[in-house]
Amino acid sequence: MKTFGYFDDKNREYVITNPATPFPWINYLGNEDFFGLISNTAGGYDFYKDAKFRRITRYRYNGVPMDAGGRYFYINDGEAIWSPGWKPCKTPLDSYECRHGMNYTRITGSKNGVEASVLFFVPLKTWAEVQKLTLRNTTDEVKRLKIFSFTEWCLWNAATDMENFQRNWSTGEVEIENGSTIYHKTEYKERRNHYAFYALTNAKANGYDTDRESFIGLYNGFEAPQCVVAGKPSNSVAHGWSPIASHYVEVELKPGESKDFIFVLGYEENEQKQKFAPLSGKTAERDRNTEGTLITSLGELDHTIINKDKAHAVIQRFSTVEAVDADFEELRQMWDGLLSKFTVKSGDERLDRMVNIWNQYQCMITFCFSRSASFFESGVGRGMGFRDSNQDLVGFVHQVPSRARQRIIDIASTQFPDGGCYHQYQPLTKRGNNDIGGGFNDDPCWLIFGTVAYIKETGDFSILDEMVPWDNEPGTEVTLFEHLRISFNHVVENLGPHMLPLIGRADWNDCLNLNCFSWDPNESFQTTENNSEGSKAESLMIAGLFVLTGKQYVELCQEMAKRGHNDGAAAYTKEADRAQGCIDAMVEAVKKHGWDGEWYLRAYDFYGNKIGSKECEEGKIFIESQGFCTMAGIGMEEGMVEKALDSCKKYLDCEHGMVLNNPAFTRYYVEMGEISSYPAGYKENAGIFCHNNPWVIIGETVARRGNDAWEHYTKICPAWIKDQTLHKIEPYVYCQMVAGKDAAKPGEGKNSWLTGTAAWNWLTITQYILGIRPTYDGLEIDPCIPETLKEYTVRRVLRDATFDITVKNPDGRQSGVRSITLDGKTIEHTTIPATPGHHTVEVLM
Ligand code: BGC
Ligand code: NOJ
């Protein structure tokens, strides 16, 4: 089978060897404020914090050809014009390699005896992408090259940049400094306090271009800019139209010689008083205030020229190869640290590379971006999801707990006093926005889920005392614990006729819109609610989620009582008892009204009719309620859990994973909404929605069926992908959806990178299959593995303790711990305390 690359585990890289991948295979640069998306041919874009409101470079989604535009280098060697990443020139290369690593990408191409290698990364705590271009002459003749860099500025708001041309084509402005630094300052003279720059820091450019048409030519494409073809820049200055940044450098390389060029693409913000440079000749009059900050009285400023002090500092900082290399090393070391909290050696390199490298890396990426910016998410549609981000942080909390803590506070700050939620918020402002709707009745439960994971990882109960506002309204602050209590109650206070949770606009399945009833193609399924008055629509998914997260809430209250948190032992015990009562009632309601004989129902619709029942014409069984109700163990004694799991295997499973529902909907059901708008086998209509497979897998571990859990796990795990052409998208990360068995092309992946699949599979493999699970006191050891796995070791760092755990399974069992020794002493229980220091743990199954 044709492959396009391979894993290099030692370097923690995926190496792409053929640039013509079946789809752009991308990577992410940056992990805090400044970010970039980069494809294997150097396509993509940068932004600061928010892909919608602070887009730095322009990108055209769904262009022809796909993935055109990015950060390009052109080399004119007199014979050919080529790019190290093959695109955009597409001149056949003598060699090509793209290495996607942890927050960096290195693309190397060679042609006519010259090797060009570009390392792209965002240094830690830096608002800039650094590009180190290394040119090497591999021949014994002198090589004379003409090098052109290229990037295209976005006019900041990525949404208006794509639509408001009557304005945009007049506003663009740049500044050029020594030909080597090009500044983008559109709208700077009025309300914006930020600018971007693209600098060549360790050499002097021999020319530049800042106007797209002058550089490329109106009738050319990215593959053959007229300046590159002519071997001559035009030194253009952009006024309106489309500002770009391109450096021109003449390079001579002796035989065997290599030279490095450092390019820095950065972003800076200035305070109002600091925005502008002094009028020429007035430099000396700039002064410092008492805090030592530079100030200048407004009258002496040139209101057209950027105060570039901050950019100068960054350019200066990255003006030597040594400095760049040192920062790159720091980034590598940060990842050494992040990936050292959980490592496994299992004897299966596929499992090890997922757990030790790629699954953790993807969890960082989903934590940073939620569902905002990928090659499937345009960066203008969605911000940070309330539900999504709570799930994402569960896969990330062990890496940087303090960032997860802040995220929980940010999310909770957008909640409403009745527990309801904005479905998403903008990362730049941290304010909720209703663009893709609200009233998703599962949302509040996820806050419990995220917070509990944080406390179990860190032991930090103080987060519960943080004062957190409602809807960011100052003066409304209550404790985070109060937010959790209200979240729990939101379900209890919104029950339907069967005492099951009302679904609201939708639950986890954004496309099961039971109150939407839309016949108008101009309405969004995500925001329309034509028929909610008196709605009886209820969700079994929320019922399961409520029991699962409700139990977590009860355990949390009990734990707080045990610890005498805020002297409230009695009150917390009382709250735990009250909550348990609500959960017991929900369990009863599910058993009574939510069981269909072989599986759990999915929902009741507006009219009170069953959804996901053998009585239905299509969509007889859905995965979400099977996942949540089995994870919650509802009806375990009655055999419901096992039966439901068997039904998943029988009706939902196929060679690529489990589909969301079966049979797929073949016609439109107005009472169900968007779900039946999708063709059969895609997305929420019977696609393999990878996000929910792990729910069933965890369900399998609840039923102690290690073989089944493992089989389901490997079916959707990227490291097991066989046919890269069929799968189409990146083989190193999870995607949201793989086309299901009813699709035209089963097995074809879509929507890679930004999906709750990453966090949920992390949870599944580490906590439920390998069975190393943080608790309030330490680690619980509870493996549920395939009988073929006879031994594995895990190093887990929890708080100030490091555990080296060896699990032995000589008899080929699937679950059950026979004995545990901790530092040589047998212990009677399966939880090991997080006592600071290093510990050796031996587990016999
Ligand atoms: C998609 C969902 C998505 C929703 C909100 C729907 O079209 O199918 O997966 O969550 O839009 O953007
Ligand atoms: C993608 C969304 O990000 C997620 O929140 C949702 O649960 C799934 N789609 C399923 O609809």
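Quick caveat: nothing in here was measured; it's all calculated off a predicted structure. Whatever order the structure lists them in is the order used to number ligands and atoms, beginning at 1.
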Exercise for review: May I ask you to identify, for Asp510, whether its side chain, its backbone, both or neither come under 4.0 Å of ligand 2 on a heavy-atom basis?
Suggested key: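 Both backbone and side chain.
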Practice item. Would you kindly specify which portion of His691 sits under 4.0 Å from ligand 2, judged on non-hydrogen atoms: side chain, backbone, both or neither? Key: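 Near ligand 2, His691 shows nothing, with every heavy atom at 4.0 Å or more.
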**Study point:** Enclosure of Asp520 CG (heavy-atom neighbours >12, cutoff 6.0 Å)
**Key:**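 It does: Asp520 CG has more than 12 such atoms within range.
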Which class fits the ring pair [X] and [Y]: parallel under 30°, tilted 30 to 60°, perpendicular over 60°?
X      : Y      : value
Phe517 : Phe606 : perpendicular
Trp695 : Trp508 : perpendicular
Trp760 : Phe449 : parallel

Below 4.0 angstrom from a heavy atom of [X], which ligand 1 atoms are there? Numbered from 1 as shown, please.
X      : value
Cys511 : 1 (C), 6 (C), 8 (O)
Gln736 : 9 (O)
Lys683 : 1 (C), 2 (C), 8 (O), 9 (O)
Glu674 : 6 (C), 7 (O), 8 (O)

Check your understanding: Can you find a pair of side-chain heavy atoms, one from Ile623 and one from Asn693, that are under 4.5 Å apart?
Key ->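 The answer is yes, as the side chains (C-beta and beyond) meet within the 4.5 Å cut-off.
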Check your understanding: For atom 3 (O) of ligand 2, which candidate among Met737, Arg387, Arg382 holds the nearest heavy atom?
Key ->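 Going through Met737, Arg387, Arg382 one by one, Arg382 has the nearest heavy atom to atom 3 (O) of ligand 2.
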Nearest protein heavy atom with distance in Å, relative to [atom]:
atom                    : answer
atom 4 (C) of ligand 2  : Asp388 OD1, 3.3 Å
atom 7 (O) of ligand 2  : Trp508 O, 2.5 Å
atom 2 (C) of ligand 1  : Glu684 OE2, 3.1 Å
atom 1 (C) of ligand 2  : Gln736 NE2, 3.3 Å
atom 8 (O) of ligand 1  : Tyr678 OH, 2.6 Å
atom 11 (O) of ligand 2 : Glu684 OE2, 2.5 Å
atom 3 (C) of ligand 1  : Asp510 OD2, 3.5 Å

Assess, by modelled atom type and distance only, whether the side chains of [X] and [Y] contain a donor and an acceptor separated by less than 3.5 Å.
X      : Y      : result
Glu730 : Trp753 : yes
Gln415 : Asp471 : no
Glu457 : His398 : no

**Study point:** Atoms of ligand 2 close to Arg371 [distance to a heavy atom under 4.0 angstrom, numbered from 1]
**Key:**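 Heavy-atom distances to Arg371 below 4.0 Å select 3 (O).
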Check your understanding: Going by the order shown, which atoms of ligand 2 are within less than 4.0 Å of some heavy atom of Asn509?
Key ->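 Listed by number with element, the hits are 11 (O).
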Review point. Quick one: is the NZ or CZ of Arg55 closer than 6.0 Å to the six-membered ring centre of Tyr45, and within 45° of its axis?
Key: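 Yes, cation above the ring, under 6.0 Å and within 45°.
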Exercise for review: Let me know which of Lys430, Gln426, Arg407 forms a side-chain contact (heavy atoms from CB on, under 4.5 Å) with Met384.
Suggested key: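 The option that passes is Arg407.
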